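Inspection log for the structure reproduced underneath, given as structure tokens.
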Amino acid sequence: RGRLLKKLVKLVKGPSLMEPLERLDLGTLKVLAGVLAVHIICFAIVMVLFADKSENMMIIKRHALTIQSCERMRFRVVQAKFCTNDVVGAGLSFPDDNMCELARDSSKMTATLLGAVEDFSAQHHDTYLGLDGNVAKLKSPEARALWDDAMVDTMMYYDTVPPTVRSVKMGIWEFGNRLAYAARETSVSIRYQSPNISESASYQFVTQKENKGEKLFAAYLESLRHLARYSWQDTDEARQGVIAILVVQAILVLTLLHLYQLKLVVDVERARLGNILALIGLPGPILRIMHAKPVNILDDDSDDEADEEEDGDKKLARAERKEEERRCQEEELKQKQQEVQAELEGGGADEADGDKDDDEGDGKAGKDQFGGMAISGPSKKSARGADPQTYPARRFLQLQRVLYFNGKVLTTSWDRTFKLVLPLFLWQLAVLIVFAITSTQVEQLHDPLASLFMQMRVNAWFGHVRSHALKLVADPGPNKALWREVLHEDVLALESNYNVLLYGNEGQTSHDFPFPVPPAAFASAEFSGLYFREKMCFREEAGQCLNEDHRFYESAHNGLDALMRRFITEAKLLSMDDEQDATFLSTRFDFIYQLGMFDLADGLTEAAGVFTDFAIARLKAIQDIHIALLVVTLALAVGYVYWVTKPYVAGIKREASYVAGLLSHTPKELDVTSHLRGALKV
């Protein structure tokens, strides 16, 4: 039996089984390697697509802060000149909390002015060059042209005799640098309390009295619009890239790889049918012989010891009884073998006689289960119509295979096959869901981007209104009517932008609003809390917050929206005041200066940071979900090899050994080797 067992093991583990099994073992590694390679490549593409999106948000924020700091610097220059020459120099009196209090100490006034100049210069350079000095930070071609090319009209003033003025064109980059230089030069005049600061070329260039500073401000806003529009289009391109990856990776590549894995599993399942068929295809007489064959149990040491304890007569009687039983079993087995031999010899005639009975049994089938195989008894007619050499054709993904042998039929089971490839298709479904969610999340980035853009416009217009309010009260000449008109127009623009920020533009677009703006008042709890619910001081330096007995304390601690609404109201009323009321001593201007220069300015800067962080947090959420997907993919690949493929391959080999072992117990009347070869050829 040992030699027979070795021969049978060699047959059942022959090329017909082991080649598909080896292809499955190696092919699974190739499939998983392909899946990982494709996923890592797509992961890298996704990371590249979203790597610069947060930087685009930061550029928009820095650009708006540049406009805000530019207006603050201009405010400080006009404040320094007005308070030094027209108030302190003229001996006018004013309260201690008035804006001209700084001018009592020229060094303090100069330091405040230089601080505003340095802040603007740093913001201006960071916007154009970037924080790391990379001049490619401005990616919008239109915005870059405004900064590089001579596209902004301005006036150049020269300290000649007589003074001369020349109209020139320059880019925002050059304009801003000249503006910072002129402000520094003006600070020198402030330090030495020059009586004719307003007549200097540097002061006139900073204030741009010929065009009221509108040209540079308009160029800044246009550049901001181009940057926001570029970021919007870049987000659309990122979404298209995500959809392309979804189609290529999750639908095309993964489907092909998983179908190939399914083919490998199907080939192994087909190959193992031959071994199972060799068992269930044993002739009925052979099965009866195996069933009638006695089971011999060897006497162990405990029986020998018990026999020694028995006396001689009992021992002899027991031996005789055993011998008689053995003789009876041999005679019964011999008789069975003779009956089987006669039945085998007359099998052909019996088969012919039984055709009619078999035909009557067409369509009736018994069903059993062996190792995941569904066994059924077909009709004799269908068995005779099948060609074992050509049926079934091994077509790709023909999952069901039907084998006929010795009047029995064996078909592959769908359950076992799909259980092996189901994890792969489930993972593919997970990838589809993740990329579908990513596409939706990318589309939702438009809302925080539009809100950030509007917040930056509000910050810019706020600084512009504050500067023109100062020019209105600081100009004692006939230009008050002109500044009153300019201030009124700017306040209306600020109010319009602020309403669009809070409540959206209902999908309407224009030159100033190139895309739909959602209502930011309901965008996030943090934003609504900052504008409507927070009762705190917004000043960056907590030590400078207003005391509870201050006249503006209630306004400063009632939310950012209430503060902005009152700022707009006071600026509107200031533009409508009479000339004798529109002065630097009026309560309206005190509110604009004390709260607009500190509380409201710092609060709007904080709001800009809220929107920027909100947008960047959404970007980070997209990146985090893909990082998690990559980690899960690596873990599933390893788990599939060690907990699915390897146990399956080992189980197939173990099953083949069991088949060989069972076949080795067949009686000698059956040529089991030929029987097995015949089953494997079917």
Side-chain angles (χ1 to χ4, degrees), residues 9-43 245 247-277 371-373 392-403 410-432 629-660 680-682:
V9 168
K10 187 176 181 181
L11 283 175
V12 297
K13 292 186 178 180
S16 61
L17 176 65
M18 298 308 295
E19 287 181 0
L21 200 59
E22 290 175 359
R23 283 198 301 269
L24 173 64
D25 202 5
L26 182 60
T28 299
L29 296 179
K30 292 180 179 179
V31 168
L32 293 177
V35 168
L36 290 178
V38 171
H39 190 76
I40 290 173
I41 292 172
C42 293
F43 171 78
I245 294 174
V247 173
V248 173
Q249 180 194 6
I251 297 180
L252 295 180
V253 177
L254 290 184
T255 299
L256 292 176
L257 290 173
H258 295 167
L259 288 178
Y260 177 69
Q261 177 70 12
L262 179 59
K263 177 184 180 301
L264 295 176
V265 176
V266 168
D267 289 344
V268 174
E269 286 296 311
R270 288 172 177 168
R272 65 187 286 263
L273 286 185
N275 294 337
I276 306 303
L277 189 61
M373 300 299 170
R394 289 181 174 268
R395 293 189 298 271
F396 179 65
L397 290 183
Q398 181 184 348
L399 296 181
Q400 189 175 27
R401 185 188 184 192
V402 183
L403 296 181
L410 187 67
T411 62
T412 53
S413 172
W414 295 64
D415 295 341
R416 188 182 181 101
T417 301
F418 281 118
K419 284 179 182 178
L420 287 166
V421 295
L422 184 62
L424 297 178
F425 284 101
L426 287 178
W427 178 85
Q428 182 179 0
L429 179 62
V431 173
L432 280 168
L629 181 62
L630 177 62
V631 174
V632 171
T633 300
L634 294 174
L636 287 179
V638 175
Y640 188 81
V641 171
Y642 283 97
W643 292 312
V644 178
T645 305
K646 287 189 176 297
Y648 175 72
V649 172
I652 294 295
K653 293 179 179 179
R654 186 166 56 251
E655 180 186 79
S657 299
Y658 289 163
V659 169
L680 295 177
K681 288 179 181 179
V682 174

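Note that the structure is predicted; figures quoted are calculated from it, not measured. For this chain, numbers begin at 1 and follow the sequence in order.
Between L257 atom CG and L252 atom CG the span is 11.0 Å, to the nearest 0.5 Å. If you take CD on E269 and CG on L262, they are separated by 10.5 Å, rounding to the nearest 0.5 Å. In this structure, CG on L264 lies 11.0 Å from CG on L259, to the nearest 0.5 angstrom. L21 CG to L26 CG: the interatomic distance, rounded to the nearest 0.5 Å, is 11.5 Å. F43 CZ to L36 CG: the interatomic distance, rounded to the nearest 0.5 Å, is 13.0 Å.
Side-chain contact check for T28 versus Y640: some heavy-atom pair is nearer than 4.5 Å. Contact check for L24 versus D267: no side-chain heavy atoms found under the 4.5 Å cut-off.
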- What do the steps show when you test R272 against R416 for side chain to side chain contact (heavy atoms under 4.5 Å, CB included), and what is the final call? CA-CA 12 Å; R272 65 187 286 263; R416 188 182 181 101; 3.7 Å; yes
- Message: If you apply the rule side chain to side chain contact (heavy atoms under 4.5 Å, CB included), what do you find for V649 with K653, and how did you get there?
- Response: CA-CA 6 Å; V649 172; K653 293 179 179 179; 3.9 Å; yes
- Please report the C-alpha distance between V12 and L17 in whole Å, then the side-chain angles of each, then the deciding distance to 0.1 Å, and finally whether the side chain to side chain contact (heavy atoms under 4.5 Å, CB included) criterion is met. CA-CA 7 Å; V12 297; L17 176 65; 5.7 Å; no
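Among residues at least two apart or in separate chains, side-chain hydrogen bond (donor to acceptor under 3.5 Å, both in side chains) pairs with a member in residues 30-43 are H39-Q249.
Contacts of S16 classified as side chain to side chain donor-acceptor pair (under 3.5 Å), with partners at least two apart in sequence or in another chain: none. Annotation: side chain to side chain contact (heavy atoms under 4.5 Å, CB included) contacts of V641 (sequence neighbours excluded): L29, L32, K646.
Scanning all heavy atoms of the two residues, the minimum distance from L630 to I40 falls at CD1-CG1, 4.0 Å. For P20 against V268, the heavy-atom pair with the smallest separation is O-CG2, 3.3 Å. Looking at every heavy atom in both residues, V31 comes nearest to Y260 through CG2-CD2, 3.5 Å.
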Which atom pairs, one a donor and one an acceptor, fall under 3.5 Å between side chains of residues 419-432 and the rest of the protein, sequence neighbours left out?
residue	atom	partner	partner atom	Å
W427	NE1	T633	OG1	3.2
Q428	OE1	H258	ND1	3.0
Q428	NE2	A250	O	2.6
Q428	NE2	T255	OG1	2.7

